[in-house]
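Every value quoted in this text rests on a predicted model; they were computed, and no experiment measured them. Note that ligands are numbered from 1 as they come in the structure, with each ligand's atoms numbered from 1 the same way.
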Amino acid sequence: MSRNLHVAIVGATGAVGVEMLKVLERRKFPVSKLTLLASARSAGKRLPFLGEEVEVQELREDSFAGIDVALFSAGGSISKHYGPIAVQAGAVVVDNSSAFRMDEHVPLVVPEVNGADIALSRGIIANPNCTTAITLMALWPLHQAFGVKRLFAASYQAVSGTGAQAIEELRQQVEALASGRPVIKAVYPHQIAFNVLPHVDSFLESGYTREEMKMQNEGRRIMHHPGLKASVTCVRVPVYRAHSVAVNAEFERPVSVEKAREVLAAAPGLKLVDDPANCLYPMPLDCAEQDDCQVGRIRLDCALENGLAFWVAGDQLLKGAALNAVQIAERI
Ligand code: A2P
């Protein structure tokens with residue numbers, strides 16, 4: 001980008017919005033002016049940016065005058081309503097919600113995989129589902145080497161993926177349990193502290209959840225691979241930050257662990273952490289607040305033909321959301 005830009009963050013006070021601010025700062029994104037937008041509840045709050053404090057404003061239909069780039073992370077209904085309004089006002093929108101991800105006129109982008117699709121945008125570019133983005137960081141290099149046919153996966157998803165209130169719910173439940181007080185549930189239908197919930201997003205008639213189908217639906221679009229099949233179980237775990245995914249993938253061509261390690265070690269945005277003998281493998285605590293995703297536990301799958309099993313983890317607030325959005329904005 002050759003000039004400094006007026007950037008807006010819609011949902012600036014949320015778990016992802018706050019990360020967007022930090023990523024813009026850290027990556028020295030060329031910001032001439034920053035407009036922070038959230039609900040009326042947050043109007044007047046001040047958030048730090050480049051040593052100054054920027055006041056949060058209430059999101060309104062006239063909020064987008066003069067804005068060049070608008071990063072949206074305030075939920076699907078806000079994106080659906082205000083995204084086109086922002087485009088109409090002349091902004092390019094990078095949307096973190098699922099509102100436009102399956103819209104054929106909206107590129108769905110992980111820059112390391114299909115950054116070239118950004119050029120096809122008509123004003124809105126969609127940021128993928130966080131679990132899908134993290135999985136593709138490892139699956140894409142393997143797909144290029146061996147041609148993926150189908151995959152089975154189980155995710156271990158951090159509460160920050162649900163948002164700021166869920167982080168607070170886990171913290172309060174842990175404190176309550178440690179001091180013998182009753183647990184209060186508000187965000188999740190069950191206690192999340194010291195538990196795992198095989199339930200992320202709403203259930204479909206098929207028995208899968210919406211979140212589980214995103215891997216296949218969004219993976220097909222991002223990798224330009226309409227034949228990809230993915231059967232996924234998404235699980236919420238009492239981890240604050242960083243998602244992990246256990247993947248078993250079957251490929252067209254014969255695979256080898258050596259070649260898999262070689263292509264994964266060379267992949268941008270991905271670190272190979274695969275030395276089980278020394279207890280080295282990716283873990284959410286090690287991925288939290290890190291830009292790079294990590295992959296390890298790479299082995300030949302004993303139940304699939306031409307199959308590989310691996311474990312990939314990444315900070316879903318970063319690669320799964322804020323970092324990916326800013327990387328897209330950098331390429332516009
Ligand atoms: P607010 O903090 O004022 O509620 P999270 O995903 O962490 O829950 O964050 C959601 C983000 O979306 C927050 O910044 C939140 O602002 C914002 N948001 C939620 N509802 C609205 C709304 N009706 N108008 C504008 N921003 C909203």
Between ligand 1 and the protein, give all atom pairs where both partners are nitrogen or oxygen and the distance is under 3.5 Å, as lines of names plus distance to 0.1 Å.
residue  : atom   : partner : partner atom : Å
ligand 1 : 2 (O)  : T13     : OG1          : 2.6
ligand 1 : 2 (O)  : S42     : OG           : 3.1
ligand 1 : 3 (O)  : S39     : N            : 3.2
ligand 1 : 3 (O)  : S39     : OG           : 2.5
ligand 1 : 3 (O)  : S42     : OG           : 2.4
ligand 1 : 4 (O)  : S39     : OG           : 3.4
ligand 1 : 4 (O)  : R41     : NE           : 3.4
ligand 1 : 4 (O)  : R41     : NH2          : 2.7
ligand 1 : 7 (O)  : A15     : N            : 2.8
ligand 1 : 7 (O)  : A164    : N            : 2.9
ligand 1 : 14 (O) : G11     : O            : 3.1
ligand 1 : 14 (O) : T13     : N            : 3.3
ligand 1 : 14 (O) : T13     : OG1          : 2.6
ligand 1 : 14 (O) : G14     : N            : 3.0
ligand 1 : 16 (O) : T13     : OG1          : 3.2
ligand 1 : 26 (N) : S39     : N            : 3.2

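Side-chain rings of F29 and F49 stay apart, their centers remaining 6.0 Å or farther from each other.
Residue pairs meeting the side-chain hydrogen bond (donor to acceptor under 3.5 Å, both in side chains) criterion with at least one member in residues 252-262, sequence neighbours excluded: R261-D274.
Salt bridge annotation for E218-R221: absent, with no cationic side-chain nitrogen under 4.0 angstrom from a carboxylate oxygen.
Remark: R26 pairs with D291 by the salt bridge (charged side-chain N to carboxylate O under 4.0 Å, His left out) rule, at least two apart or across chains. Under the salt bridge (charged side-chain N to carboxylate O under 4.0 Å, His left out) criterion, E169 pairs with no residue at all, not counting sequence neighbours.
Here the straight-line distance linking atom CD of E330 with atom CD1 of I118 works out to 10.0 Å at 0.5 Å rounding.
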